[in-house]
Structures are given as C-alpha cells and as structure tokens.
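The first residue of the sequence shown is numbered 1, and numbering continues consecutively from there.
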Amino acid sequence: MNKVFPQGENGYTAAEPKAHPGGEGDVPQSLPHFLVAHCGDPASWIYSDQKCDGTNNCGDCSDELSPVTVCPPCGPGWWRCPSTFFKYCDCIPRHLCRDHVQHCSDWSDEYACPGP
C-alpha cells in the first residue's frame, strides 16, 4: 500500500488516503465495505469516518465536496469560504478567523467571519 503524508497544521501529519499498487483501488479484503469511502481518484480510499469531517483527507477534497460526497453545511464552529489552506476544502475552523492570516481566497476569514 502506498501512503501519502500531507503536512498538517502545526507540523502534524494529516490523515492520508490509501493508494494501492497497480492502481486498482481495491481495499483490503479484511475490511468491511461500510468502513471504507472512495476518493475521487479510484485508486485511493479513506476510512468512512474521515468523510465529511472538514479535513481534506483524499487530497483532492472529494471526501468533502460533491459530486463524490454530499456533506452537510459547515457546522457552528466552522466558517464557509473557498479555502486557501490544503487541509480544508469549503470550510475552515472559526478559530482561524481574524488571526491576521489569510485562510480564505476571498479574505472573508479576516473581514466577514465573526470569529470563534
């Protein structure tokens, strides 16, 4: 199994998609299918509890955005915006709002977000 370890916030590694040699995208036969979610790349998968968790686990946001995944809108601790940070897709944690660092491509995290 090939693994990709994208760098997360504060030096922690983010959860990574699992990719399989040969590009077939087959999950290990020992895992029940309900524990697995497929990414936009057919050769990659994540554990189903990583889907719709606000974090870009697949590397292409397919675990957070349609048409691959249908997730509920951002929760109360999140701000909806087009993120500039690889770790997030359509929402960022509100604790990142008004911290004098751009996390949204439209700067709404600094000028419109009410903060935490």
Query - Residues D106, S108; criterion side chain to side chain donor-acceptor pair (under 3.5 Å); working and verdict - result: CA-CA 5 Å; D106 61 2; S108 64; 2.8 Å; yes
Query raised in the report: Would K87 and N56 count as a side-chain contact (heavy atoms from CB on, under 4.5 Å) if you check the C-alpha gap in whole Å, the side-chain angles of each, and the deciding distance to 0.1 Å?
Result: CA-CA 5 Å; K87 184 176 178 178; N56 181 11; 5.7 Å; no
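Of all heavy-atom pairs spanning Y88 and G54, the tightest one is CD2-O, 3.2 Å. Across every non-hydrogen atom of S83 and I92, the tightest pair is OG-CG2, 3.9 Å. Closest approach of H103 and D109 over heavy atoms only: N-OD2, 2.8 Å. Between Y111 and R98 the shortest heavy-atom distance is O-NH2, 3.3 Å.
With rounding to the nearest 0.5 angstrom, the OG atom of S44 is 11.0 Å from the CG atom of D63. Atom-to-atom distance recorded for Q50:CD and L35:CG is 11.5 Å, nearest 0.5 angstrom.
At least one side-chain heavy atom of L31 sits less than 4.5 Å from a side-chain heavy atom of Y47. Residues D53 and E64 have side chains in contact (heavy-atom distance under 4.5 Å, counting atoms from C-beta outward). Using a 4.5 Å heavy-atom cutoff, the side chains of R80 and D90 are in contact.
C81 does not pair with C91 as a disulfide, the SG atoms being 2.5 Å or more apart.
A donor-acceptor pair under 3.5 Å is formed between the side chain of E110 and the backbone N or O of H100.
The hydrophobic cluster containing W79 does not contain W107, counting ILVMFWY residues as joined when their side-chain heavy atoms lie under 4.5 angstrom apart, directly or transitively.
Legend: residues meeting side-chain hydrogen bond (donor to acceptor under 3.5 Å, both in side chains) with D49, ordered by chain and number and at least two apart, are absent.
Among C71, C58, C52, C89, the one residue that satisfies the side chain to side chain contact (heavy atoms under 4.5 Å, CB included) test with L65 is C89.
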